[in-house]
Structures are given as structure tokens and as C-alpha cells.
Amino acid sequence: MDAVRVALLREVLDGTEWPAAARRFAGALRSSVVPRGGGLLLVGTERYEPWHLAAHLVDEAAWSGRPELAPTLVRHRVRPGDPGHLSVGPGRLEAAGRGATLLVVAPERPGGGLLERVHDARRAGATVLSLDGGDREVHGLAHEALTVTAEDDVDLDVVQHLVSAAAGENTLPAAGPGRRRFRDRLARLTDQLTAPPPQRW
């Protein structure tokens, strides 16, 4: 998502908790990755693969000069012939320990195998963050969590865009006017956010 559309999305959501919550979460992500230097692992559930967030974090890493924000996307199903950056399976989580940061995107409860791997990674010293749909066990494993439920006025895809954009910011922008405008554009923006993936992903 380009900077203009991110700014418009933030304007639409001005007066809600989401822009500030996304910046707080992005700040936790930056602070966990930068000083530790053990790499950022990004994993979803068996049914939800966060390729879109991975692509945006790669872009933000390049634009902001923070290469440590570029994640390794961990996939539940790796097919023969997949390119290298799409060929990392769940076994990679077993090597995650002190210095690693694990970002879990889980709109629904993951299978027990993933939860066990995340628990083991945390016990080995990895920092765990979650963008989740409110599952207690996922939330409980995270050092920092941002929860989006069906009752909220945004969905997890929108919040991922806010988080990825905020992750690449060098400074926090000034507060907006405090009034939400262009509320009718939110549906159109949501459609744009869920466009087909870039070719490389």
C-alpha cells in the first residue's frame, strides 16, 4: 500500500484506537528486532498465510533503511519448486531462540503443532508478538499482542497495513485533527487492501 493510501486510511480511522495501537505494536516490533539481531520470523496459521504482511515489511525494510524488518516467511506447506524465500517450513521455528523475534498472525486458533513450536521458541528465548483474533492461548504466548475481533470496526488485513507502515517510520507523526473524515471510503480502501498478491509473493 502506498503512503497516500496509508495516510487516507489513518484519516478514516482518526478518532479510533487503531492508528495509535498499530504504532505501539510496530514500536514493539522494531525494538525487539533491532537490538537483538536474530532475525524476524513471520508465521500464520494453517488456513491463513500472511504473505501480504511479509511483502509490505520487505518494502518498509528497504524504504526505511532497516533491513532487520524484512521477515522470513514460515509456511505450513512448502511445495517443490517454490522459490527460496517461499520455501521455509515450520521446522525453522525449532531453531528460533534467544535473539530471534517471532511474529504470529492468527485470525483463528492455530493447530496445536504451531502453538507448541511457538511455546518452545519462547521458552528458548525468542521474543513472540502476535496479531490475533482473540484466542487466549495465542495471546498468552505473546510478549506483545494486538487483537482484532469480529466486533471491531476494522479487520485484521487493515490492521496489518497500519502496522507494516508504522514499522518503517523513523519518527511518530503529529496527531491528526481528532475528527474522522471520509468514513465512506473505508469500504473501498478495504477492497484495495485485499488486492491480489504481488508477483514475487
Would you please name every residue forming a side chain to side chain donor-acceptor pair (under 3.5 Å) with [X], sequence neighbours left out?
| X | value |
| --- | --- |
| R24 | none |
| R75 | E49, D82 |
| T45 | E108 |
| R77 | none |

Would you compute the distance between atom [atom1] of [X] and atom [atom2] of [Y] and round it to the nearest 0.5 angstrom?
| X | Y | atom1 | atom2 | value |
| --- | --- | --- | --- | --- |
| R66 | E60 | CZ | CD | 11.0 Å |
| L41 | L73 | CG | CG | 10.0 Å |
| L93 | H119 | CG | NE2 | 14.5 Å |
| L8 | L13 | CG | CG | 9.5 Å |

With a 4.5 Å limit on heavy-atom distance, are the side chains of [X] and [Y] in contact?
| X | Y | result |
| --- | --- | --- |
| V104 | L131 | no |
| P50 | Q160 | yes |
| V118 | L114 | yes |
| R136 | R109 | no |
| L40 | T72 | no |
| D153 | W18 | yes |
| L42 | L53 | yes |

Heavy atoms only: give me the nearest [X]-[Y] pair and the separation to one decimal.
| X | Y | result |
| --- | --- | --- |
| S87 | V78 | CA-CG1, 3.5 Å |
| A167 | A26 | N-CB, 3.5 Å |
| S130 | F25 | O-CE1, 3.4 Å |
| V43 | L102 | CG1-CD1, 3.8 Å |
| L69 | L57 | O-CB, 3.7 Å |
| R10 | P19 | O-CG, 4.2 Å |

- Message: If you count heavy atoms of other groups shown closer than 6.0 angstrom to CD of E116, is the number above 12?
- Response: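 No, because the 6.0 Å sphere around CD of E116 holds 12 heavy atoms or fewer from other groups.
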- With sequence neighbours left out, write down each residue that passes salt bridge (charged side-chain N to carboxylate O under 4.0 Å, His left out) with R123, or none if nothing qualifies.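 Applying salt bridge (charged side-chain N to carboxylate O under 4.0 Å, His left out) to R123 gives D120.
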- Determine, stepwise, if the pair E169 / R23 fulfils salt bridge (charged side-chain N to carboxylate O under 4.0 Å, His left out). CA-CA 9 Å; E169 291 177 345; R23 285 191 173 108; 3.3 Å; yes
Could you list the donor-acceptor pairs under 3.5 angstrom formed by side chains in residues 141-149, with sequence neighbours left out?
residue : atom : partner : partner atom : Å
H143    : ND1  : V128    : N            : 3.0
T147    : OG1  : D132    : OD1          : 2.7
T147    : OG1  : H139    : ND1          : 3.2
T149    : OG1  : E151    : N            : 3.4
T149    : OG1  : E151    : OE1          : 3.3
T149    : OG1  : D152    : OD2          : 3.2

- Sub-3.5 Å donor-acceptor pair from the side chain of H76 to the main-chain atoms of G44, do we have one?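 Between the backbone of G44 and the side chain of H76 there is a qualifying donor-acceptor contact (under 3.5 Å).
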- Query: Is V88 reachable from Y48 through a run of I, L, V, M, F, W or Y residues, each pair having side-chain heavy atoms under 4.5 Å apart?
  - Reply: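 Not linked; separate clusters.
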- Query: With hydrophobic residues grouped by side-chain heavy-atom distances under 4.5 Å, do L129 and V158 end up in a single group?
  - Reply: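 L129 and V158: one cluster.
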